[in-house]
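Below: the structure, in structure tokens.
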Amino acid sequence: MRHESRTAAPPRPVAVEAADDAAVIERSRREPEQFATLFTRHAPALKRYVIRRLGQDPAEDIVAETFTVAFQSLESYDLSRDDARPWLYGIATNLIRRHRRREISLYRALSRTGADSVIEPFTDQVDRRVAADGARRRLAAALAGLPRGHRDALLLVAWAELTYEQAAQALDVPVGTVRSRISRARNRLRRVLGDIDPTSASEGTDS
């Protein structure tokens with residue numbers, strides 16, 4: 001009687017690309033190469049956010065450092081959070097704070113010349129007559145004058161498109177603090193822009 005040799009079937013690959021961020025992170029703890037999925041998924045948007053705040057030059061380094069810090073902190077990630085964006089943007093925000101002077105100088109340069117593209121995505125949400133009336137310069141001056149915490153909270157919601165809850169996670173503060181900071185920042189922007197709020201498209205993201 002002939003016995004057919006049988007080999008064990010190879011394990012079925014896990015579709016890491018389709019998994020939520022928490023699943024990718026959990027798998028990355030055992031298979032570090034899987035962390036590249038998280039980079040591919042979030043690095044482009046994160047880089048655009050950093051460019052908006054600091055310009056092109058430091059963005060690549062900050063994004064690289066963000067993911068380096070994230071990789072070194074895999075074991076501390078809360079796997080109950082399916083979306084890693086608040087975690088990643090929180091790390092990036094801490095790194096951006098090292099460049100506060102650069103950020104403020106960019107806003108002030110824009111407030112003088114109106115020629116900087118860093119603020120462009122913000123003013124896309126303002127109607128044309130306001131933009132034509134110098135709103136871009138006034139907005140940049142207002143952003144430069146905001147307290148750091150207010151600016152961080154506002155831009156995480158307006159530019160990174162995080163919810164209020166996610167922004168609170170990113171900044172490691174209560175969600176009520178985020179609401180208060182954003183409310184005060186928006187009130188200031190409305191005064192500067194003649195009661196027109198360039199962040200109004202984000203009003204519904206507080207869930």
Side-chain angles (χ1 to χ4, degrees), residues 21 41-63 65-67 70 83-111 114 116-127 130-131 135-173 175 177-190 192-193 196-207:
D21 291 341
R41 187 176 289 175
H42 295 300
L46 184 62
K47 184 175 180 180
R48 287 193 296 271
Y49 174 74
V50 178
I51 288 173
R52 289 179 185 182
R53 293 195 62 171
L54 297 178
Q56 184 75 41
D57 290 345
E60 196 160 326
D61 287 343
I62 286 179
V63 171
E65 189 171 356
T66 295
F67 281 92
D83 188 347
R85 289 182 307 146
W87 181 52
L88 294 172
Y89 280 92
I91 295 171
T93 297
N94 287 333
L95 298 175
I96 286 171
R97 286 172 179 170
R98 299 179 186 175
H99 299 264
R100 179 180 175 277
R101 296 174 118 186
R102 177 184 176 86
E103 182 178 19
I104 298 303
S105 69
L106 283 175
Y107 294 149
R108 286 177 176 163
L110 175 55
S111 72
D116 197 301
S117 62
V118 171
I119 212 89
E120 188 73 32
F122 221 158
T123 52
D124 284 347
Q125 299 176 19
V126 189
D127 69 36
V130 176
R136 184 171 298 139
R137 296 186 187 189
R138 298 199 305 277
L139 174 59
L143 288 175
L146 288 176
R148 183 190 68 191
H150 292 54
R151 185 169 56 251
D152 287 341
L154 178 70
L155 299 186
L156 283 170
V157 170
W159 285 356
E161 299 182 353
L162 299 186
T163 65
Y164 283 56
E165 182 68 37
Q166 289 172 327
Q169 291 174 17
L171 298 173
D172 195 23
V173 298
V175 67
T177 299
V178 168
R179 292 181 187 278
S180 174
R181 290 176 180 178
I182 291 178
S183 176
R184 293 179 182 179
R186 282 177 166 160
N187 286 338
R188 180 164 185 166
L189 295 187
R190 287 189 185 103
V192 169
L193 295 173
I196 294 176
D197 180 8
T199 69
S200 58
S202 299
E203 291 281 2
T205 60
D206 58 350
S207 57

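Note that the structure is predicted; figures quoted are calculated from it, not measured. Numbers here simply count residues along the sequence, with the first being 1.
Although no hydrogens or angles enter the test, the distance criterion places a donor-acceptor pair under 3.5 Å between the side chain of Arg188 and the main chain of Gly145. Looking at Thr177, its side chain never comes within 3.5 Å of a backbone N or O of Val173 through a donor-acceptor pair. Under a 3.5 Å cut-off, the side chain of Asp21 and the backbone N or O of Ala84 do form a donor-acceptor pair. Put simply, the side chain of Gln169 never gets that close to the backbone of Gln166: no donor and acceptor are under 3.5 Å apart.
Residues Glu165 and Arg179 are not paired through a salt bridge, judged by the lack of any N-O separation under 4.0 Å between the basic side chain and the carboxylate. Look at Arg97 and Asp152 and you find a salt bridge, because one of the NZ, NE, NH1 or NH2 atoms lies within 4.0 Å of a carboxylate O, short of that distance.
Between the CD1 atom of Ile51 and the CD atom of Gln56 there is a distance of 4.0 Å, given to the nearest 0.5 Å. Note that OG1 of Thr66 and CD1 of Ile96 are 7.5 Å apart. Values are rounded to the nearest 0.5 Å. Here the CG atom belonging to Asp61 is positioned 11.5 Å from the CG atom belonging to Leu54, to the nearest 0.5 angstrom.
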What's the verdict on side-chain contact (heavy atoms from CB on, under 4.5 Å) for Trp159 and Arg48, showing C-alpha distance, side-chain angles and the deciding distance?
CA-CA 9 Å; Trp159 285 356; Arg48 287 193 296 271; over 6 Å; no
From CA spacing to verdict: side-chain contact (heavy atoms from CB on, under 4.5 Å), Tyr49, Leu156: CA-CA 9 Å; Tyr49 174 74; Leu156 283 170; 3.6 Å; yes
Requested in this report: Mind running side-chain contact (heavy atoms from CB on, under 4.5 Å) on Glu60 and Val50 for me, showing each step along the way?
Outcome: CA-CA 9 Å; Glu60 196 160 326; Val50 178; over 6 Å; no
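For Asn187 and Arg190, the side-chain atoms include at least one donor-acceptor pair closer than 3.5 Å.
Scanning both residues, Tyr89 and Ala160, for their nearest heavy atoms gives CE2-CB, 3.5 Å. For the residue pair Leu154 and Leu143, the shortest heavy atom distance occurs at CD2-CD2, 4.1 Å. Nearest heavy atom pair, residue Ala92 against residue Leu46, reads CB-CD1, 3.8 Å. For the pair Val63 and Lys47, the tightest heavy-atom approach, listed with the atom from each and the gap, is CG2-CA, 3.6 Å.
With Arg181 as the fixed residue, the side chain to side chain contact (heavy atoms under 4.5 Å, CB included) test singles out one of Arg151, Arg186, His150: His150.
The side-chain heavy atoms of Leu88 and Phe67, taken from C-beta on, include a pair separated by under 4.5 Å.
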